[in-house]
Undergrad: 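For reference, the structure I am asking about is given below.
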Amino acid sequence: MDKNLIIYNSLTRKKETFEPINPPYVGLYVCGPTVYGDAHLGHARPAITFDLLYRYLKHLDYKVRYVRNITDVGHLENDADEGEDKIAKKARLEQLEPMEVVEYYTHRYHENMDALNVLRPSIEPKASGHIIEQQEMVRNILQSGFAYEVNGSVYFDVEKYNQTHDYGKLSGRKLEDMQANTRQLEGQEEKKNPYDFALWKKASPEHIMRWPSTWSNGFPGWHLECSAMSTKYLGEQFDIHGGGMDLLFPHHECEIAQSTAANGKESVKYWMHNNMITINGQKMGKSLGNFITLDEFFSGNHKVLDKPYSPMTVRFFILQAHYRSTVDFSNEALQAAEKGLERLLKAGKVLQQLRAGKESTINIKPLKDNCYQAMNDDLNSPILIAHLFEAVRLIHLLKEGKENLNTNDLEQLKNLYHTFVYDILGLQEEASDRSELTSDLIDMILTLRLEAKKNKDFDTADKIRDELTQKGIKIKDTKDGYEWEV
RNA sequence: GGUCGGUUGGCCGAGUGGCUAGGCACUGGUCUGCAAAACCACGUACGGCGGUUCGAAUCCGCCACCGACCUCCA
């Protein structure tokens, strides 16, 4: 096993050798969803990207604590005084309790992620369950002098922080530029500067989600939850923080500032950001309204979808692009992924049935090295997949007896294939929904058809085939039998 | 406007200063009662214009176009 993992660090904008702060332990924090709507294709990207990372780190024998939060409070609509929590707003519209909305969409999110074979994180903390910790952090930042209180709200003093630290180091921004470019929004009179951000916000009378504090009845600012929860579960310094590129500024920039201000040191060693999924060249996003939910993909129930796409197809589609590239959705691309995936999984089945020969005519080692090399190079899943397709070609040659492997090498190939396809890429066969009785009946019918064929009664044979095909059952004639699938 | 990134063959999508990823589609072939499926074979593409170099799609400059972030966002 080649453990020389290199990852691209957004903070330094370079590929760096991954060295955990405290090996063999690895702390991984990823920004999870805000649960006020169904997950769409865009949400699958970070989930799958960091699932790949999580799986690979575990494969490399690291002891990983993976924390992915659920944001259920604190997203101000527009940072204005009247700013209303997104969760609360949705709740009002549907006449539900805020926590009811949270629970509902959290469950739906879990169902989608399970379908995509995304492993559950070690800890999945909710912001609403960590108000105390967030208040503690606000207190720490106030104490260190990098925040100020106005009318029951507490804001982070960006200018003061920037005098001794570098606000903008992650996003590559300079404070002077931001001064000129920050949008003028309403209700910002309280802040010293427009780019200051809320740590604690006093709740307006109609605001439902609120908690008592020394400053006011209110709620924490959005950026605070990740800082507070990552510190609580991974410590003041931890290894990897991930999330979507769109969170880089301001969210992650603010996290750095908060953690540094509160703890006096940099919290994150490696920042990793996945790129966006686009549709017609544009980012698929909640606010643009051009998103397709995962359920819609799975059911095919959306006007731009030609057909349903299975969770594994979606997963494979995402893995076929490198996580730092944008990936453009299209029916054509999805269908190409669907077929490619099918070939990969079928070859896996063929591999299980291969028998070893006396001597190996091919060397497995380069293939193995290539697979590790691809993953070690900043999780290059598309390259890994390319190598796995080389393995597919090999498997077919072995099946046809054009090449041979001895017992040991064949075992190695099986292990390799299983490890990378199923364990690391997290691909799996789709569950079939047919009952045993149905299977038996189809087998019976096809046995009759086989007899008809033997008697050269092709009319009957074709009739059976046509009718079964109409029912969605694919029949493949083999040398002296048949195969079928729904 | 500021900051950052992208432009690769019919589609998707890697990558690198010289050794033409990969998938899908197309086409041809093998197999088959026929068909389907499988399998095999198959394309020298890198936005435009200059420059550096023995050699650039890969480095540099300019231009064009597209996008992300700057406001909630995965």
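Lettering of chains follows the sequences in order, A, B, ..., and the numbering in each one begins at 1.
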Undergrad: Do the ring centers of A:Phe50 and A:His241 come within less than 6.0 Å of each other?
TA: no
Undergrad: Under the 3.5 Å rule, do the base of B:C72 and the side chain of A:Ser287 count as making a donor-acceptor pair?
TA: yes
Undergrad: Please measure how far the P atom in B:G23 lies from the corresponding atom in B:G5, and state the result in whole Å.
TA: 31 Å
Undergrad: Would you indicate what A:Ile277 reaches in the nucleic acid, counting non-hydrogen atoms under 4.0 angstrom: base, sugar-phosphate, or nothing?
TA: base
Undergrad: Return the nearest nucleotide to the side chain of A:Glu332; candidates are B:G33, B:A37, B:C11.
TA: B:C11
Undergrad: Go through B:G23, B:G33, B:G67 for me and flag the one nearest to the A:Gln282 side chain.
TA: B:G67
Undergrad: Compare the minimum distances between each of B:G33, B:A38, B:C72 and the side chain of A:Lys346, then state the nucleotide with the smallest one.
TA: B:A38
Undergrad: Rounded to the nearest Å, what distance is computed from the CG atom of residue A:Leu170 to the P atom of nucleotide B:C4?
TA: 14 Å
Undergrad: Please determine, for B:C69, whether a Watson-Crick or G-U wobble partner exists with both distances under 3.5 Å, and give it or none.
TA: B:G2
Undergrad: Does B:G28 pair with anything, Watson-Crick or G-U wobble, both distances under 3.5 Å, and if so, with which nucleotide?
TA: B:C40
Undergrad: Please report the distance separating the P of B:C60 from the corresponding atom of B:C26, rounded so that it comes out in whole Å.
TA: 40 Å
Undergrad: Between atom OH in A:Tyr482 and atom C1' in B:C34, what is the gap in whole Å?
TA: 20 Å
Undergrad: From C-beta outward on A:Arg173, which listed nucleotide comes closest to its side chain: B:C70, B:C40, B:G33?
TA: B:C70
Undergrad: Who does B:G55 pair with, Watson-Crick or G-U, both distances under 3.5 Å?
TA: none
Undergrad: A:Ala461 side chain: which of B:C24, B:G33, B:A21 is closest?
TA: B:G33
Undergrad: Any base atoms under 4.0 Å from A:Leu247, or only sugar-phosphate, or nothing? Heavy atoms, all strands.
TA: sugar-phosphate
Undergrad: Give one of base, sugar-phosphate or nothing for A:Gly172, where a contact means two heavy atoms less than 4.0 Å apart.
TA: sugar-phosphate
Undergrad: NA contact type, A:Asn274, heavy-atom cut-off 4.0 Å: base, sugar-phosphate, or nothing?
TA: base
Undergrad: Looking at A:Phe249, does the NZ or CZ of A:Arg173 lie under 6.0 angstrom from its six-membered ring centre and within 45 degrees of the ring axis?
TA: yes
Undergrad: Would you call A:Lys346 and A:Glu342 a salt bridge, using N to O less than 4.0 angstrom?
TA: yes
Undergrad: Round to the nearest Å and state the distance from A:Met284 atom CE to B:A68 atom P.
TA: 13 Å
Undergrad: Closest approach to the side chain of A:Phe458, judged atom by atom: which nucleotide of B:C40, B:A74, B:G33 is it?
TA: B:G33
Undergrad: Closer to the 5' end of RNA chain B via nearest nucleotide, is it A:Val327 or A:Leu397?
TA: A:Val327
Undergrad: Using the P atom as the point on both nucleotides, what is the distance between B:G51 and B:G13, in whole Å?
TA: 33 Å
Undergrad: Report the relative orientation of the aromatic rings in A:Tyr167 and A:Tyr161; use parallel for angles under 30°, tilted for 30 to 60°, perpendicular for over 60°.
TA: perpendicular
Undergrad: Taking the P atom of each, how far is B:G43 from B:G48, in whole Å?
TA: 23 Å
Undergrad: Would you mind calling B:A14 syn or anti? Take O4'-C1'-N9-C4 for purines or O4'-C1'-N1-C2 for pyrimidines, and syn is within 90° of 0.
TA: anti
Undergrad: Of the nucleotides B:A74, B:A14, B:A37, which one has an atom closest to the side chain of A:Ser325?
TA: B:A14
Undergrad: Would you kindly check whether a donor in the side chain of A:Arg343 faces an acceptor in the base of B:A38, or vice versa, at under 3.5 angstrom?
TA: no
Undergrad: Identify whether any heavy atom of A:Arg393 sits under 4.0 Å from a base atom; if not, whether one sits that close to sugar-phosphate; answer base, sugar-phosphate or nothing.
TA: sugar-phosphate
Undergrad: Pick base, sugar-phosphate or nothing for A:His387, based on heavy-atom distances below 4.0 Å to the nucleic acid.
TA: nothing
Undergrad: Starting at CD of A:Glu338 and ending at P of B:C24, how long is that distance when rounded to a whole Å?
TA: 12 Å
Undergrad: Tell me whether the side-chain N/O atoms of A:Lys453 come closer than 4.0 Å to OP1 or OP2 in B:G33.
TA: no
Undergrad: Does a nitrogen or oxygen in the side chain of A:Lys283 sit under 4.0 Å from OP1 or OP2 of B:A74?
TA: no
Undergrad: Which whole number of Å gives the distance between the P atom of B:A41 and that of B:G47?
TA: 30 Å
Undergrad: Take atom CG of A:Asn280 as the centre, draw a 6.0 Å sphere, and report whether it contains more than 12 heavy atoms from other residues, nucleotides or ligands.
TA: no
Undergrad: With rounding to the closest Å, how many angstrom separate the P atoms on B:A74 and B:G17?
TA: 37 Å
Undergrad: Any salt bridge linking A:Arg108 with A:Asp38? Criterion: basic side-chain nitrogen under 4.0 Å from a carboxylate oxygen.
TA: yes
Undergrad: On RNA chain B, nearest-nucleotide positions of A:Lys399 versus A:Ile383: which is more 5'?
TA: A:Ile383
Undergrad: Examine B:A74: is either OP1 or OP2 under 4.0 Å from a nitrogen or oxygen in the side chain of A:Thr34? Give yes or no.
TA: yes
Undergrad: Within 45 degrees of the axis of the six-membered ring of A:Tyr36 and under 6.0 Å from its centre: does A:Lys286 put its NZ or CZ there?
TA: yes
Undergrad: In whole angstroms, how far is the C1' atom of B:C69 from the CZ atom of A:Arg13?
TA: 11 Å
Undergrad: Starting at CG of A:Leu425 and ending at P of B:G23, how long is that distance when rounded to a whole Å?
TA: 15 Å
Undergrad: A:His396 has an atom NE2; how far is it from atom C1' of B:A41, in whole Å?
TA: 15 Å
Undergrad: As a test of reading the structure: which of B:C12, B:C39, B:A74 is closest to the side chain of A:Ala333, going by heavy atoms?
TA: B:C12
Undergrad: If B:U7 has a Watson-Crick or G-U wobble mate with both distances under 3.5 Å, name it; if not, just say none.
TA: B:A64
Undergrad: Name the nucleic acid region contacted by A:Asn380, choosing base, sugar-phosphate or nothing; use a 4.0 angstrom heavy-atom cut-off, strictly under.
TA: sugar-phosphate
Undergrad: Nearest to the side chain of A:Phe249 - B:A14, B:C70, B:C4?
TA: B:C70
Undergrad: Using a strict threshold of under 4.0 Å (side-chain N to carboxylate O), is an ion pair present between A:Lys365 and A:Asp369?
TA: yes
Undergrad: Relative to the ring of A:His273, is the ring of A:His252 parallel (under 30°), tilted (30 to 60°) or perpendicular (over 60°)?
TA: tilted
Undergrad: Classify the nucleic acid contact of A:Val30 as base, sugar-phosphate or nothing, counting any heavy atom under 4.0 Å across all strands shown.
TA: nothing
Undergrad: Which part of the nucleic acid, if any, lies within contact of A:Met245, taking any heavy atom under 4.0 Å across all strands shown: a base, the sugar-phosphate backbone alone, or nothing?
TA: nothing
Undergrad: Rounded to whole angstrom, note down the P distance from B:U27 over to B:G33.
TA: 24 Å
Undergrad: Among B:C72, B:G23, B:A14, which is the nearest nucleotide to the side chain of A:Gln320?
TA: B:G23
Undergrad: On a whole-Å scale, what distance lies between the C1' atoms belonging to B:A56 and B:G50?
TA: 14 Å
Undergrad: Indicate, with a heavy-atom threshold strictly under 4.0 Å, whether A:Glu400 touches base, sugar-phosphate, or nothing.
TA: sugar-phosphate
Undergrad: Could you tell me whether the side chain of A:Asp328 has a donor or acceptor atom within less than 3.5 Å of a complementary atom in the base of B:G13?
TA: no
Undergrad: Measure the distance from CD1 on A:Ile318 to P on B:C12 and round it to the nearest whole Å.
TA: 17 Å
Undergrad: Does the Lys NZ or Arg CZ of A:Lys14 fall within the cation-pi geometry relative to A:Tyr8 - under 6.0 Å from the ring centre and within 45° of the axis?
TA: no
Undergrad: Give one of base, sugar-phosphate or nothing for A:Lys339, where a contact means two heavy atoms less than 4.0 Å apart.
TA: sugar-phosphate
